[in-house]
Amino acid sequence: MARVVGHIDLDYFYAQVEEVEEPSLKSRPVIVCVFSGRTDDSGVVSTANYKARELGVHSGMPIALAKKKLGGKDAAVIKMEHEKYEAVSGRIMEELEDRVDVLEPTGIDEAFFDITASTGGDYSKAVEAAESIKRAIFERERLTSSVGLGRSKIIAKLGSDMAKPDGLKVIVPEETEAFLASIPVTKLYGIGPKTSATLSSMGIRTAGELAGAQPADLERAFGRKFGAYLVAAATGTDADPVVAGLEPTQFSRIITLRRDTREPLEAFDQLSKGIERVHQKLIDSGKAFRTVTAIGILADLSIKTKSRSFEAPVDDVAVLRDVTLSLFEDLSRSVARDFRRVGVRVSGLSAVDSQSSLTQFLRPAR
DNA sequence: TCGCCCTCCTC
DNA sequence: CCATGTGAGGGCGA
């Protein structure tokens, strides 16, 4: 039986949440911004609604430039409030959980789902299910979303992308090959500027051309894993399953310094709250770490890291702080210019269970 | 396996 | 023109 995989994406999520909260925004260009705090306008646009996009504003654009483009257009410039969007996202994911066979959230505003079993592989049933999902989200949160349906994750993702905004795109299994033929490789998930440039130099610009390439050539150019992935992506035959309940493998926090510096203590001080946040994430998820990484983004935006691993998992925030500081001392000695941004990452995560909750054995739960 | 780097993803 | 923040995954040398 053909798989029925879906990908759902909430339209211009942060900005749309703001529009729902304040409906008068709907008639205006809206940008939701991350302010770095260096100067009044330093930072970037995280999300722009379609009115702002029409004026040439997009994600990742510096706020100052976006403001220039939006000057005199009655635009709303809104500071991002992550917790608010997390809450909305959480409610939507719960709703989705109830309506699909398997749900795999892949970000705050998107998820893969599998409805093969509940539809029996029938794509007309799948379309009804997808429409019902879109309707449920709209009725509950007044948010529009876009959905793609197809036989694999890559196809479903391509579909949701094409369906935006507020659309549904179905690629039935039999049409997959014809559908892919003329799709530019840059549209395929996992193919960014570097990969597409290399492919282009090999004379490959569409998925159809990629499908016709020699797997051996791809593997030589991109490595074994990624080469195989490219073949699967181009032919729509990726078998990667939708998986529920994936655990995070790392937590990190990166901040922009108030001024460029190479002083480890100055960097560490400003990162201090970030370290607490990372530790809080560990507590919330019940995890311990084995590796700490200090991250430095230098004045020229190049990235340098230093990391240290422990033999056994650690969950002590004091250790995290001490190691981070000492890594920044090392890092600072090894760089040729100042830090612009600094961060900390914990990885090698494992569940803190039996050891620390030995009391469970002494006093069994009910 | 570790440490470091690169690429990509999303907004 | 100024350039945020989070996470996944893989390659490679030691």
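Numbers restart at 1 for each chain; the letters A, B, ... are given by sequence-line order, proteins then strands. Owing to the predicted nature of the structure, the values given are computational and were not obtained by experimental measurement.
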Look at the side-chain N and O atoms of A:T47 and state whether any lies under 4.0 Å from the OP1 or OP2 oxygen of B:dT10.
-> no
Using a cut-off of strictly less than 4.0 Å, decide whether A:T106 has a side-chain nitrogen or oxygen near OP1 or OP2 of B:dT10.
-> no
Which is true for A:L349 with a 4.0 Å heavy-atom rule: it touches a base, it touches only sugar-phosphate, or it touches nothing?
-> nothing
Taking the side chain of A:T256 as heavy atoms from C-beta outward, which of C:dA8, C:dA3, C:dT4 is closest to it?
-> C:dT4
Respond yes when some side-chain nitrogen or oxygen of A:R224 is under 4.0 Å from OP1 or OP2 of C:dG11, and no when none is.
-> no
For A:F251, which contact category applies under a 4.0 Å heavy-atom criterion: base, sugar-phosphate, or nothing?
-> sugar-phosphate
Phosphate OP1/OP2 of C:dC1: any A:K68 side-chain N/O under 4.0 Å | no
Would you indicate which nucleotide in C:dG7, B:dG3, B:dC11 comes nearest to any side-chain atom of A:D9?
-> B:dC11
Check whether any side-chain nitrogen or oxygen of A:K157 sits under 4.0 Å from OP1 or OP2 of B:dT10, and answer yes or no.
-> yes
Does a nitrogen or oxygen in the side chain of A:T305 sit under 4.0 Å from OP1 or OP2 of B:dC5?
-> yes
Give a yes/no on whether any side-chain N or O of A:K164 is located under 4.0 angstrom from OP1 or OP2 of B:dC11.
-> yes
May I ask you to verify if any side-chain N or O of A:R253 is less than 4.0 angstrom from the OP1 or OP2 atom of C:dT6?
-> yes
For B:dC2, does either OP1 or OP2 sit under 4.0 Å from a side-chain N or O belonging to A:T291?
-> no
Check: A:D9 main-chain N/O paired with A:S160 side-chain donor or acceptor under 3.5 Å | no
Looking at the side chain of A:S309, which of B:dC11, C:dG11, B:dC2 is the nearest nucleotide?
-> B:dC2
Steps toward side-chain contact (heavy atoms from CB on, under 4.5 Å) verdict (A:V57, A:V45) | CA-CA 8 Å; A:V57 174; A:V45 175; 4.3 Å; yes
If the C1' atom of C:dT4 is compared with that of B:dC9, how far apart are they to the nearest Å?
-> 15 Å
Calculate the interatomic distance between A:I295 atom CD1 and C:dT6 atom P; express it in whole Å.
-> 10 Å
Sugar-phosphate, base or nothing in reach of A:T293, heavy atoms under 4.0 Å = nothing
Whole Å only: how far is the CE atom of A:M61 from the P atom of C:dA3?
-> 13 Å
A:E19 side-chain N/O to A:K26 backbone N/O, donor-acceptor pair under 3.5 Å = no
What is the nucleic acid contact for A:F35, judged by heavy atoms within less than 4.0 Å: base, sugar-phosphate only, or nothing?
-> nothing
Measure from NZ or CZ of A:R53 to the centre of the six-membered ring of A:Y50 and say whether it is under 6.0 Å with the direction within 45° of the ring axis.
-> yes
Take atom CD1 of A:I8 and atom P of B:dT10, then tell me their distance rounded to the nearest Å.
-> 16 Å
Contact class for A:K281 (heavy atom, under 4.0 Å): base, sugar-phosphate, or nothing?
-> sugar-phosphate
Please state whether the phosphate of B:dC2, meaning OP1 or OP2, lies under 4.0 angstrom from any side-chain nitrogen or oxygen of A:R290.
-> yes
Of all the nucleotides listed (B:dC11, C:dA3, C:dG7), which has the minimum atom distance to the side chain of A:S46?
-> B:dC11
How many angstroms lie between atom OG1 of A:T39 and atom CG of A:D41, to the nearest 0.5 angstrom?
-> 6.5 Å
Whole Å only: how far is the CG atom of A:D41 from the P atom of C:dT4?
-> 13 Å
Contact under 4.0 Å: A:R308 side-chain N or O vs B:dC2 OP1/OP2 | no
So do the side chains of A:D217 and A:M202 get within less than 4.5 Å of each other, counting heavy atoms only?
-> yes
Quickly work out the A:F222 CZ to B:dC6 C1' distance and round it to whole Å.
-> 14 Å
NZ/A:K164: more than 12 non-hydrogen atoms of other groups inside 6.0 Å = yes
note: A:I254, atom CD1; B:dC11, atom C1'; distance rounded to Å ~ 15 Å
When the distance from NE2 of A:H58 to P of B:dC9 is rounded to whole Å, what number comes out?
-> 16 Å
Measure from the side chain of A:V34, starting at C-beta and using heavy atoms only, and say which of C:dG10, B:dC11, C:dT4 lies closest.
-> C:dT4
Could you tell me whether A:I63 contacts a base, only the sugar-phosphate backbone, or nothing, with contacts defined as non-hydrogen atoms closer than 4.0 Å?
-> nothing
Classify the nucleic acid contact of A:I255 as base, sugar-phosphate or nothing, counting any heavy atom under 4.0 Å across all strands shown.
-> sugar-phosphate
Of the candidates C:dA8, B:dC9, C:dC1, the side chain of A:L65 sits closest to C:dC1
Using a heavy-atom cut-off of under 4.0 Å over every strand shown, decide if A:G107 touches base, sugar-phosphate, or nothing.
-> nothing
Base paired to B:dC11 (Watson-Crick or G-U; both N/O distances under 3.5 angstrom) | none
Distance between C1' atoms of B:dC8 and C:dG5 (Å, rounded) | 15 Å
Within this structure, what is the CD1-to-P distance between A:I297 and B:dC5, rounded to whole angstrom?
-> 12 Å
NZ/NE/NH1/NH2 to OD/OE distance under 4.0 Å, A:R333 and A:E329 | no
May I ask you to evaluate whether A:S307 reaches the phosphate of B:dC4, defined as a side-chain N or O under 4.0 Å from OP1 or OP2?
-> yes
Are A:K194 and B:dC8 close enough that a side-chain N or O sits under 4.0 Å from OP1 or OP2?
-> no
Do the side-chain N and O atoms of A:S42 and A:S36 include a donor-acceptor pair separated by under 3.5 angstrom?
-> yes
Most 5' of A:S252 and A:G223 on DNA chain C, judged by nearest nucleotide = A:S252
C:dT6 and B:dT7: how far apart are their P atoms, nearest whole angstrom?
-> 22 Å
Complementary nucleotide for B:dC5 - Watson-Crick or wobble, under 3.5 Å | C:dG10
So, is A:R341 close to the C:dT4 phosphate, meaning a side-chain N or O under 4.0 Å from OP1 or OP2?
-> yes
Where the side chain of A:V44 is defined as all heavy atoms beyond and including C-beta, which of C:dT4, B:dC11, C:dC2 is the nearest nucleotide?
-> C:dT4
